[in-house]
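Heads up, the thing below is written out as structure tokens.
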Amino acid sequence: MNFIITTPLYYVNDKPHLGSVYTTIICDSIARYKRLLGDNVLFITGVDEHGLKIQRTAFEKGVSPREHCDEYSSIFKKNWHEWNISFDRFIRTTSKQHEKIVGEFYQRVRKSDDIYMGEQKGWYCVGCEEFKDNPENSPTQKCPIHMKNLEWKNENNLFFRLSKYQKEIEDLVNDQDFIQPKERRNEIVNFVSKGLRDFSISRTNLNWGIKVPDQEDHTFYVWFDALLGYISAISLNDKEYSLDSSISSGWPASIHLIGKDILRFHSVYWPAMLISAGLKPPKKIIGHGFLTREGKKMGKSLGNVLDPNILKSKYGDELVRWYLLKDISLGSDGDFQDRRFVDIVNNDLANTIGNLLNRTSSMSRKWFNNKTPDLRTDKSNELKLMSKATVRNYLEYFDNYKLDKASNELLNFAINTNLYLNKKEPWSLVKDKNKLDEVKIIIYDVLEATRIIGLLLEPILPTFSSNIINQLGEVDLQDKSWIEKLEWGLLPISNDLPKPKPIINKLEYE
Ligand code: MSP
């Protein structure tokens with residue numbers, strides 16, 4: 001395994017919302033991109049099923065936690081299939097494989113003498129499943145994320161010696177490559193510089209969790225349990241699943257992609273737990289921003305959730321993907337606005353890319369007997385140069401996980417190709433018999449640019465991309481890698497072009 005990417009393991013307290021769809025789509029696009037480059041990819045997603053939040057949700061519904069988790073885990077899995085998410089593993093933290101690995105991991109940490117019994121007192125947010133820093137300073141004592149009252153807890157818990165790893169974690173978070181984007185890194189560097197405090201890793205009075213092996217009345221703290229899901233997912237399908245087998249099959253993860261609210265767990269607590277167990281920390285943590293509605297984080301507790309499945313059934317998954325990937329820069333917050341969504345989809349996908357394909361293939365069919373032109377030039381020309389620059393920039397952006405910039409790069413190429421066509425006016429030139437060769441070269445180049453645009457769309461909008469490529473006729477490039485296909489000039493001349501069908505219908509405002 002040489003590239004492991006993970007989504008967070010989603011709490012099953014509710015159905016997936018647009019925030020979870022957002023995270024998963026970004027991972028999917030990166031996983032597809034890496035596969036196209038020829039990497040051996042393992043894309044992990046799954047669900048976080050234990051803890052007080054889930055236990056309470058089940059209780060309120062009047063069902064057992066197990067029944068509730070079974071139902072919601074399958075909703076998540078089905079949902080990711082419906083969104084065309086190309087995950088390789090779906091880990092449930094209630095699975096026997098996972099439970100075994102949590103136990104093995106705990107023994108390693110204990111051997112390092114990093115576990116002790118202590119008193120845990122403080123204000124707890126059940127929504128975050130986290131003790132809050134200094135909430136006594138807050139007059140309202142509400143969680144700023146969930147806007148719910150905090151609960152006072154005072155228990156004897158097992159603690160993990162996080163403070164022992166101050167130096168290792170400082171070095172790690174100061175490494176420029178570890179946390180992206182930069183603003184997120186600064187928050188964590190600042191947090192770590194104040195001094196790390198040990199944290200509790202078990203709970204008493206909570207049945208719905210994995211039992212701590214040597215402490216019958218303790219269950220593991222849901223975060224200690226869930227983070228290990230990234231490791232148990234690796235050997236999930238092995239007959240001999242174990243911590244060792246997961247580790248030898250590819251740990252550490254290349255990227256944990258998460259929202260900014262859970263950055264501390266991933267970039268501080270988790271690496272320290274791993275180091276304590278003698279394992280490597282993940283290579284990179286990318287913290288994305290929040291999708292907001294009216295400037296507030298979307299979430300069930302806040303009652304402002306936008307149901308992603310309504311959007312999907314109205315518009316299809318790929319139009320939503322385009323908006324989320326192209327319009328929001330990874331790391332910044334993004335507001336979902338219906339009107340802007342319709343405008344972006346219409347302008348970018350229908351008017352710019354769809355129309356470019358449609359009108360060029362129609363002209364070629366009309367003037368050249370339903371085929372691509374029978375002439376092309378090897379000389380360097382405007383579109384060829386533009387294509388080279390686009391591909392170079394696009395790859396560089398994607399390699400740095402700037403998916404919005406990569407998407408805009410290919411979109412700008414489509415805009416410029418449309419402008420080129422308008423400037424050249426082949427529809428006027430075609431009336432002059434002496435200019436026929438010139439027209440052939442123009443049309444060939446525009447069709448070729450469209451092929452490159454279609455290919456560049458593959459990790460971003462896989463179905464839209466293959467619809468574009470199919471409309472350019474049968475092109476046998478089976479023996480070439482995706483990167484090789486991006487080379488200019490591979491569209492065959494005099495090749496049959498199918499009758500153009502609109503690849504997208506324009507959306508109407510409602
Ligand atoms: N269960 C933990 C993660 C454990 S990982 C070992 C959890 N689950 S969650 O379901 O609450 O959140 C999952 C992810 O969704 C987080 O990365 C969170 O940031 C993200 N989002 C939740 N609401 C969001 C938005 N409104 N916008 C974008 N992403 C948001 O935390």
Side-chain angles (χ1 to χ4, degrees), residues 5-27 44-54 57 69 72-73 75-76 79-80 89-94 98 101-102 105 125-130 143-148 184 209-210 220-233 253 255-271 273-274 282 285-308 320 323-325 327-336:
I5 183 163
T6 68
T7 71
L9 306 187
Y10 300 105
Y11 284 129
V12 289
N13 62 319
D14 198 9
K15 301 187 303 260
H17 59 72
L18 199 62
S20 15
V21 168
Y22 176 55
T23 319
T24 312
I25 283 175
I26 301 169
C27 281
I44 295 171
T45 187
V47 281
D48 185 353
E49 303 179 280
H50 289 129
L52 191 52
K53 169 148 105 174
I54 308 302
T57 310
C69 290
Y72 277 76
S73 297
I75 293 178
F76 267 90
N79 187 69
W80 298 142
R89 295 281 188 285
F90 185 91
I91 181 77
R92 293 185 58 178
T93 57
T94 52
H98 176 70
I101 284 171
V102 171
F105 185 88
C125 169
V126 180
C128 298
E129 293 277 18
E130 184 182 20
C143 163
I145 297 174
H146 292 91
M147 299 298 182
K148 289 243 170 100
R184 298 276 111 83
I210 299 177
F220 281 110
Y221 171 40
V222 60
W223 273 99
F224 186 88
D225 156 356
L227 286 161
L228 279 158
Y230 296 139
I231 292 189
S232 42
I255 298 181
H256 290 319
L257 192 114
I258 51 164
K260 60 182 179 182
D261 53 334
I262 55 175
L263 197 56
R264 224 184 252 187
F265 285 105
H266 284 79
S267 59
V268 179
Y269 299 180
W270 177 224
M273 284 162 58
L274 287 160
I285 314 285
I286 304 182
H288 65 70
F290 280 155
L291 285 184
T292 55
R293 204 80 181 132
E294 317 297 337
K296 285 219 166 71
K297 183 190 170 197
M298 247 182 271
K300 187 184 170 198
S301 349
L302 301 178
N304 61 348
V305 180
L306 187 57
D307 186 342
V320 182
Y323 182 88
L324 297 178
L325 294 178
D327 206 46
I328 303 170
S329 121
L330 187 48
S332 315
D333 290 344
D335 209 28
F336 197 95

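In listed order, ligands and their atoms are each counted from 1.
- Not a single heavy atom of E129 lies less than 4.0 angstrom from ligand 1.
- Remark: E129 pairs with no residue by the salt bridge (charged side-chain N to carboxylate O under 4.0 Å, His left out) rule, at least two apart or across chains.
- Checking side-chain atoms of R184 against main-chain N and O of G331 turns up a donor-acceptor pair under 3.5 Å.
- Ligand 1 places these atoms under 4.0 Å from at least one heavy atom of H288: 28 (C), 29 (N).
- Among residues two or more places apart in sequence or in another chain, the salt bridge (charged side-chain N to carboxylate O under 4.0 Å, His left out) test is passed with K53 by none.
- For F90 and F76, the distance between ring centers is not under 6.0 angstrom.
- Only the side chain of I262 comes within 4.0 Å of ligand 1, counting heavy atoms alone; its backbone N, CA, C and O stay farther away.
- Near L291, meaning under 4.0 Å from one of its heavy atoms, ligand 1 places the atoms 25 (C), 26 (N), 27 (N), 28 (C).
- Donor-acceptor pairing under 3.5 Å is recorded for the side chains of T24 and Y10.
- Applying the 4.0 Å criterion to heavy atoms of G289 picks out, from ligand 1, the atoms 28 (C).
- Close N/O approach between D48 and ligand 1 is found [any backbone or side-chain N/O within under 3.5 Å].
- Inclusion of D261 in the set of residues having an N or O under 3.5 Å from an N or O of ligand 1 is warranted.
- Some N or O of G259 is nearer than 3.5 Å to an N or O of ligand 1, by distance alone.
- Set against the non-hydrogen atoms of A226, the atoms of ligand 1 under 4.0 Å away are 6 (C).
- A donor-acceptor pair under 3.5 Å is formed between the side chain of T23 and the backbone N or O of G19.
- The distance criterion of under 3.5 Å between nitrogen or oxygen atoms is not met by H266 with respect to ligand 1.
- Within a 6.0 Å sphere centred on NZ of K260, heavy atoms belonging to other residues, nucleotides or ligands number more than 12.
- Each of the atoms 17 (O) of ligand 1 lies under 4.0 Å from some heavy atom of I258.
- Contact of the L9 side chain with the Y230 side chain is registered, since non-hydrogen atoms from C-beta on lie closer than 4.5 Å.
- Neither the backbone nor the side chain of F265 comes within contact range of ligand 1; no heavy atom lies under 4.0 Å.
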